[in-house]
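Quick notes on the structure that follows.
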Amino acid sequence: MVSLAKKILCLAFVLTVTSLAETENSTDIHDNSRIALFLQPGISFLSFDQREYFQDAIDTIHHEFLTQALDKRDSANVAKQDFQKVNFCFPIYAGLQFQLRQDHFVSIGAGYIHDNEAVVLVDQNNRSHHYSYTIQGFPLFLEYRFAIPGNLMSLSNESLFSIALRWYWTLPHTEIYTSWGKLAAETPYYGSGFGLSIGYLLFNWKSLYVYGDLGYSYISVKSKKQYADIVPDGPEEKAKWNIGGIQLQIRVSFGAWSRPVVIEDSTATTDSTVVAGDSSKTVGKDGATADSAGVKSATVAKDGSAAGKESATIVTKDSAAPSSAEKQQTTPETKQPASEPAKVNEQAAPPASKKSEQPARPSAEARPE
């Protein structure tokens with residue numbers, strides 16, 4: 001338990017450093033694939049503590065070669081290699097991913113784990129002897145992944161962070177086979193372990209998404225056989241080992257079915273846009289202009305030019321008659337308002353009331369002599 005707690009603390013520290021090292025130019029992106037296929041290669045450091053049994057067997061064989069040497073020359077021929085102290089392998093996973101709702105994913109996948117450790121020993125007669133053991137695993141997992149909302153992140157405008165929880169089962173042919181025998185693992189129906197990882201969207205292109213995952217898995221398996229059946233002087237108890245560990249993975253996901261993306265038009269005018277030449281008219285979201293008297297003028301295109309006749313105004317049925325304070329919008333071709341010709345006609349034809357006020361001039365016959 002202490003070693004597990006240390007690993008979790010180290011993982012939390014690495015994740016914190018990774019999140020703080022991100023650039024400010026990343027954007028908030030959502031994975032829009034409803035159904036996706038993924039391939040996930042990675043690097044894993046297995047938590048296989050039973051490697052010491054195999055190292056003890058190698059040390060014993062090397063000691064026997066030395067004791068069988070008759071002289072210093074034979075002793076000089078004896079040589080030994082040691083097993084690696086870290087079980088390092090490259091697991092690969094593949095599966096199918098479903099997006100139940102936005103930023104909530106359920107995946108099912110299967111993987112292959114293969115770690116081969118081999119050494120060469122030379123006896124007193126200068127003959128080589130090869131010894132090895134191989135850890136093999138076929139894990140099956142069910143995963144739930146959800147994206148961390150951007151407003152919960154300490155850094156603004158970050159890309160897609162996600163946390164994944166997994167439950168593992170082991171398939172047949174999960175085993176350990178060595179130079180001395182083979183140890184097959186059981187495959188319980190209720191599962192064999194769990195996993196936790198955090199991922200970051202490295203980049204995406206159309207329906208292709210590439211994540212970087214860092215996590216830890218605990219996949220414990222056991223066998224009906226003993227370690228004494230596969231390694232000399234092994235413990236005589238039922239074998240049990242772990243094929244999980246710290247993992248660094250690259251997840252490539254391709255959306256086979258994606259939901260449509262609605263792109264907002266950033267060039268659309270707002271309510272505060274003022275039409276040139278008339279500060280009393282504003283442009284609405286629908287592209288139409290309206291003044292305070294309820295008069296709607298012609299719609300305005302995105303580039304600012306009026307559609308159709310620029311001077312045309314449309315009066316709604318429920319609008320009141322224009323008052324004297326309202327201005328009639330004119331075309332650029334008309335220099336004078338439409339009301340001026342009427343005023344000229346009034347001056348050319350004076351009203352009849354003025355003619356009746358002037359006295360009639362007497363005729364020549366009625367003029368006194």
Side-chain angles (χ1 to χ4, degrees), residues 1 3-4 7 42-69 78-93 110-141 168-195 216-247:
M1 295 299 294
S3 61
L4 179 61
K7 292 177 182 178
I43 302 172
S44 181
F45 299 91
L46 300 182
S47 300
F48 186 70
D49 298 331
Q50 290 77 15
R51 70 176 67 89
E52 62 182 10
Y53 302 153
F54 303 96
Q55 183 62 46
D56 292 341
I58 295 301
D59 293 339
T60 302
I61 296 173
H62 177 259
H63 181 70
E64 292 177 355
F65 289 160
L66 290 176
T67 56
Q68 294 174 3
V78 177
K80 180 190 70 166
Q81 286 183 335
D82 293 329
F83 285 112
Q84 298 291 333
K85 296 183 179 180
V86 177
N87 291 92
F88 180 75
C89 63
F90 299 91
I92 185 170
Y93 292 87
Y112 175 61
I113 298 173
H114 183 85
D115 176 32
N116 177 258
E117 303 291 337
V119 294
V120 177
L121 274 67
V122 180
D123 61 14
Q124 69 280 1
N125 298 321
N126 201 21
R127 292 178 298 184
S128 299
H129 302 268
H130 297 267
Y131 300 95
S132 66
Y133 71 91
T134 301
I135 304 172
Q136 180 176 276
F138 290 89
L140 176 71
F141 68 87
Y168 289 93
W169 290 264
T170 52
L171 300 177
H173 300 289
T174 298
E175 59 191 12
I176 299 177
Y177 55 91
T178 71
S179 301
W180 304 278
K182 185 176 72 172
L183 196 67
E186 297 178 352
T187 56
Y189 68 90
Y190 51 83
S192 301
F194 65 92
Y216 175 79
S217 61
Y218 180 80
I219 309 174
S220 178
V221 294
K222 59 183 179 179
S223 176
K224 296 179 180 179
K225 293 185 177 182
Q226 305 172 355
Y227 275 109
D229 298 330
I230 62 170
V231 61
D233 300 328
E236 296 181 355
E237 59 184 14
K238 289 186 177 181
K240 184 178 181 181
W241 68 97
N242 185 7
I243 59 174
I246 298 177
Q247 298 177 349

ring-ring contact (aromatic ring centres under 6.0 Å, His included) between Y218 and Y168, intermediate numbers included: CA-CA 9 Å; Y218 180 80; Y168 289 93; over 10 Å; no
Lys/Arg-Asp/Glu bridge criterion (N-O < 4.0 Å) met for K182, D229: no
CG on L121 to NZ on K80, rounded to 0.5 Å: 7.5 Å
From Y216, F90, F88, residue fulfilling ring-ring contact (aromatic ring centres under 6.0 Å, His included) relative to F45: F88
side-chain hydrogen bond (donor to acceptor under 3.5 Å, both in side chains) assessment of Q247 paired with S217: CA-CA 8 Å; Q247 298 177 349; S217 61; 3.2 Å; yes
Side-chain (Q50) to main-chain (K240) donor-acceptor, under 3.5 angstrom: yes
Trace of the side-chain hydrogen bond (donor to acceptor under 3.5 Å, both in side chains) decision for Y133 with N87: CA-CA 11 Å; Y133 71 91; N87 291 92; 3.2 Å; yes
Atom CG of D59 with >12 non-hydrogen neighbours under 6.0 angstrom: yes
Spacing of T134 atom OG1 and I176 atom CD1 [to the nearest 0.5 Å]: 9.5 Å
Any donor-acceptor N or O pair under 3.5 Å, side chains Q68, Q124: yes
Min side-chain heavy-atom separation H130-V120 under 4.5 Å: yes
Pairwise distance OG(S192) to CG(L171) - rounded to 0.5 angstrom: 9.0 Å
Chi angles and distances behind the side-chain hydrogen bond (donor to acceptor under 3.5 Å, both in side chains) call for N242, S220: CA-CA 4 Å; N242 185 7; S220 178; 6.0 Å; no
Backbone of P235 reached by a side-chain donor or acceptor of Q226 within 3.5 Å: no
Separation between CG of D82 and CZ of R51, rounded to the nearest 0.5 Å: 13.0 Å
Close aromatic pair by centroid cut-off 6.0 Å: W180 and Y131: yes
Residues which pass salt bridge (charged side-chain N to carboxylate O under 4.0 Å, His left out) with D56, listed by chain and number, not counting sequence neighbours: none
Spatial distance of atom NE2 (H114) from atom CD1 (I92) [nearest 0.5 Å]: 14.0 Å
Y112 ring center near F138 ring center (under 6.0 Å): yes
Q84, CD: over 12 other non-hydrogen atoms inside 6.0 angstrom: no
